[in-house]
*Asks:* 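Attaching a single structure in C-alpha cells format; questions to follow.
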Amino acid sequence: GMDFDLYYDDSVMTLKEAKSLLDLEGCVYTPAAYYKNPTTFLWDFQDANWTQDGEILTLFFSVPPTVAAGDYNVTLTFNADDVFEENGNPVDFAVINAVVKVR
C-alpha cells in the first residue's frame, strides 16, 4: 500500500484533478474526496505486484492570471510505515517534489 500527503500554496493555485497512473489489477486507488490543502492520496494493493520505477500520480493545478510571477512549491510527504510491500515491510521510496513556475 501507499499513502501520500500533498502540500501546496492554496493562496496561489487550486488542485483541479489528480490522476493515478497505476493501472494494475488488484490495485485500488482511493482519490481524495475533496482537493484541499493538504490532500491525501491512498493506494491499496490486493494481490498486485508492482516492481518498476515510474510515475504514480499526475496533478493538475489552476492558477489565476492575477498571481504574481514566481516559483511555488508542490510537496509530497509520506510516513515510511505507510509505504509497504506484501509482507508489511517498508519499501525504500523516493519522492520528487515539484515547482509550479508562474511567469
Side-chain angles (χ1 to χ4, degrees):
M2 297 185 294
D3 180 343
F4 297 99
D5 293 318
L6 171 71
Y7 299 88
Y8 57 94
D9 187 343
D10 56 10
S11 70
V12 171
M13 58 187 128
T14 302
L15 180 61
K16 291 301 207 181
E17 185 179 359
K19 288 187 178 182
S20 175
L21 302 177
L22 290 180
D23 185 19
L24 300 172
E25 185 175 330
C27 176
V28 177
Y29 167 61
T30 304
Y34 303 99
Y35 292 138
K36 56 186 173 84
N37 188 26
T39 298
T40 300
F41 298 95
L42 175 66
W43 291 263
D44 186 19
F45 294 86
Q46 299 170 351
D47 299 323
N49 187 9
W50 178 49
T51 58
Q52 72 273 12
D53 289 339
E55 296 176 20
I56 295 172
L57 186 66
T58 299
L59 304 171
F60 299 89
F61 291 93
S62 172
V63 179
T66 56
V67 169
D71 293 346
Y72 300 96
N73 293 327
V74 176
T75 304
L76 281 173
T77 63
F78 68 98
N79 180 327
D81 294 335
D82 291 336
V83 180
F84 53 90
E85 49 96 72
E86 64 190 42
N87 296 316
N89 298 315
V91 173
D92 186 23
F93 201 86
V95 171
I96 300 172
N97 293 309
V99 172
V100 172
K101 294 180 181 283
V102 176
R103 302 290 177 232

*Asks:* Does a side-chain heavy-atom distance below 4.5 Å link Y7 with N37?
*Replies:* yes
*Asks:* Quick check: do L6 and L15 have side-chain heavy atoms less than 4.5 Å from each other?
*Replies:* yes
*Asks:* I'd like to check the side chain to side chain contact (heavy atoms under 4.5 Å, CB included) partners of K19; sequence neighbours left out, ordered by chain and number.
*Replies:* E17, F60
*Asks:* Do V74 and N97 make a side-chain contact, defined as non-hydrogen atoms from C-beta onward lying under 4.5 Å apart?
*Replies:* no
*Asks:* Mind listing the closest non-hydrogen atom pair of V63 and M13 along with its distance?
*Replies:* CG2-CB, 3.8 Å
*Asks:* For D10, give me all partners under side-chain hydrogen bond (donor to acceptor under 3.5 Å, both in side chains), at least two apart in sequence or on another chain.
*Replies:* none
*Asks:* Which residues pass the ring-ring contact (aromatic ring centres under 6.0 Å, His included) test with Y8, not counting sequence neighbours?
*Replies:* F61
*Asks:* Please answer: with hydrophobic residues joined when any side-chain heavy atoms are less than 4.5 Å apart, are L42 and L59 in the same cluster?
*Replies:* no
*Asks:* Which residues pass the side chain to side chain contact (heavy atoms under 4.5 Å, CB included) test with P65, not counting sequence neighbours?
*Replies:* none
*Asks:* Listed by chain and number, what are the ring-ring contact (aromatic ring centres under 6.0 Å, His included) partners of F41, not counting sequence neighbours?
*Replies:* none
*Asks:* Using side-chain hydrogen bond (donor to acceptor under 3.5 Å, both in side chains) as the criterion, list what pairs up with S11, not counting sequence neighbours.
*Replies:* D9
*Asks:* Does K101 have any salt bridge (charged side-chain N to carboxylate O under 4.0 Å, His left out) partners at least two apart in sequence or in another chain, and if so, which?
*Replies:* D71
*Asks:* With sequence neighbours left out, what residues match T40 under side-chain hydrogen bond (donor to acceptor under 3.5 Å, both in side chains)?
*Replies:* D5
*Asks:* Can you name the closest pair of heavy atoms from P64 and V12 and give their distance?
*Replies:* CD-O, 3.3 Å
